[in-house]
Asks: 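Here's a structure for you.
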Amino acid sequence: MSSSAFNITIEQQYQGLLERIVLSFLSTGPVCFFLFINGTLLFSLRSKPVFRYTCRYILLYNLLVADTAQLVVTQVLFLLAVGRVRLTYAVCGTITTMSNLTGGISPLILVIMSLERYVAVCYPLRHASIITIKNTVVAIIAAWAVSSLNNATRNLFFIGYSYENFGSVLMQDYCTDVGWFPNSLCDYYDRAFNAVVFVSAGLTVISSYTGVVIAAKSASTDKASALKARKTLLLHIVQLILSLSHTIYYPLLIALATTVRRIVFVWVQNVFYMFIVILPRCLTSLIYGLRDQTIRPVLLRHLCCR
């Protein structure tokens, strides 16, 4: 090998290493910041009885747990991909299953939270009897059960495949949900399931918002409470859209991979990752940590270590 070719190879390796370091820093920095915010908010929600025994805060706590777990898992997968670390099928399957489990919780919890706000505004006298801690726990268990059942159903697509050396064979590429599932039928199932969740959840939240708007026109309704509920439900709609936007992440990347240069693709992939995958998991702490008058002073006190 000539000295010029050797120098070019070294330069390319350096650029590749520098590129990976920059990408890792640009994504890990914001993620660590929001993990700190989420962790502090989780601690705050367990610090006072009013948070531990109020149904809407119990729902918020579970939503935050799911978002935080999803944030950790997706960032681990991203760093493994940037570092070009290949995993065994068993390890990759465990991580992606956890990612799918926690990712499926958020839209379901948002639906429950929207229904809770609807009942609070439209049926204020019956709110205490309908939205009880027992009913809230049952709803949360049902949400986790639906997400778990979805993952169990996805794993049925592995029937018929050989499990020899499943725990020791390395994947051909880095670990992704698309790469680890060998059956194309699973892709059709995912699309159908996501469509059902999106449509049903969207209709529920929009119906709740419409009910609150109609109730706000009634003379007997607390106007301030109705206005606050309307704003909360609008935020729930935005959160729902963003939480389900991750379903278009891989199709977008596949489409871009064949149309743009590699260096452009890498940076566009990083932007998509931040705005489609990471941002939706960070909104919960921002929305409730800053908007809720009960949570905000407690959260700020804990953030300032006072």
Side-chain angles (χ1 to χ4, degrees), residues 38 41-42 44-46 50-71 99-151 193-215 225-226 228-247 280-289 291-292 294-295:
N38 285 6
L41 184 53
L42 284 170
S44 300
L45 289 172
R46 304 304 296 173
V50 66
F51 298 138
R52 294 197 299 268
Y53 300 108
T54 302
C55 294
R56 63 190 298 248
Y57 294 128
I58 295 174
L59 290 169
L60 174 59
Y61 183 84
N62 279 269
L63 176 62
L64 202 60
V65 167
D67 283 347
T68 303
Q70 178 74 356
L71 199 59
S99 174
N100 282 313
L101 175 64
T102 54
I105 293 297
S106 296
L108 301 178
I109 296 292
L110 285 171
V111 169
I112 300 171
M113 294 176 74
S114 300
L115 292 174
E116 187 275 331
R117 287 294 83 198
Y118 170 77
V119 174
V121 174
C122 298
Y123 303 98
L125 298 179
R126 299 178 57 189
H127 180 265
S129 61
I130 297 175
I131 310 299
T132 63
I133 292 181
K134 179 181 178 181
N135 290 342
T136 301
V137 171
V138 170
I140 292 171
I141 292 174
W144 283 92
V146 169
S147 186
S148 300
L149 182 62
N150 172 46
N151 275 278
F193 179 81
N194 290 327
V196 170
V197 170
F198 183 81
V199 171
S200 57
L203 288 175
T204 302
V205 177
I206 292 173
S207 299
S208 300
Y209 177 79
T210 304
V212 169
V213 171
I214 295 173
S225 176
K228 187 176 181 180
R230 284 173 57 185
K231 292 180 179 179
T232 301
L233 287 171
L234 279 176
L235 289 173
H236 284 173
I237 293 174
V238 174
Q239 280 183 278
L240 181 64
I241 293 173
L242 289 175
S243 68
L244 292 171
S245 64
H246 73 277
T247 59
R281 309 302 168 186
C282 303
L283 285 180
T284 301
S285 56
L286 291 178
I287 290 173
Y288 292 96
R291 288 186 71 246
D292 194 288
T294 306
I295 295 177

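None of the values given here were measured: they were computed from a predicted structure. All heavy atoms count here, side chains included; hydrogens, waters and symmetry mates do not.
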Asks: To the nearest 0.5 Å, how far apart are CG in Leu59 and CD1 in Ile140?
Replies: 5.0 Å
Asks: Treating Asp67 as the side-chain partner and Ser106 as the backbone partner, does any N or O pair qualify as donor plus acceptor under 3.5 Å?
Replies: no
Asks: I need the minimum non-hydrogen distance between Ile130 and Asn135, along with the two atoms involved.
Replies: O-ND2, 2.7 Å
Asks: When you look at Met113 and Arg56, which way does the side-chain contact (heavy atoms from CB on, under 4.5 Å) test go after all the steps?
Replies: CA-CA 7 Å; Met113 294 176 74; Arg56 63 190 298 248; over 6 Å; no
Asks: Once rounded to the nearest 0.5 Å, what's the spacing between atom CG of Asp292 and atom OG of Ser44?
Replies: 11.5 Å
Asks: Has Thr102 got a side-chain atom pairing as donor or acceptor with Ser99's backbone, closer than 3.5 angstrom?
Replies: yes
Asks: For the side chain to side chain contact (heavy atoms under 4.5 Å, CB included) test, which of Val213, Ile214, Leu233, Val212 pairs with Val121?
Replies: Val212
Asks: Taking CZ in Arg126 as the centre, count heavy atoms belonging to other residues, nucleotides or ligands within less than 6.0 Å. Is the count above 12?
Replies: no
Asks: Just how far is it from atom CG of Leu110 to atom CG of Leu115, taken to the nearest 0.5 Å?
Replies: 11.0 Å
Asks: Take Tyr53 and Ile58 through the test side-chain contact (heavy atoms from CB on, under 4.5 Å) and record every step on the way to the result.
Replies: CA-CA 7 Å; Tyr53 300 108; Ile58 295 174; 5.9 Å; no
Asks: Identify the two heavy atoms, one from Ser200 and one from Val197, that lie closest to each other, and give their separation to 0.1 Å.
Replies: OG-O, 3.2 Å
Asks: For a quick test of reading the model, state the closest non-hydrogen atom pair linking Asn100 to Ser147 and the distance between them.
Replies: O-OG, 3.8 Å
Asks: Can you name the nearest heavy-atom pair linking Pro124 to Cys122, along with the distance?
Replies: CD-C, 3.4 Å
Asks: CD1 of Ile295 to CG of Leu45: how many Å apart, nearest 0.5 Å?
Replies: 5.0 Å
Asks: With side chains defined as the heavy atoms from C-beta onward, is the minimum distance between Ile105 and Asn62 less than 4.5 Å?
Replies: no
Asks: Distance check, rounded to the nearest 0.5 Å: Leu60 atom CG versus Cys55 atom SG?
Replies: 12.5 Å
Asks: As an exercise, state the distance from CH2 of Trp144 to CG of Leu101, rounded to the nearest 0.5 Å.
Replies: 5.5 Å
Asks: For Leu64 and Thr68, which heavy atoms make the closest approach, and how far apart are they?
Replies: O-OG1, 2.7 Å
Asks: If we ignore hydrogens and angles and just use 3.5 Å, is the side chain of Thr54 paired with the main-chain N or O of Phe51 as donor and acceptor?
Replies: no
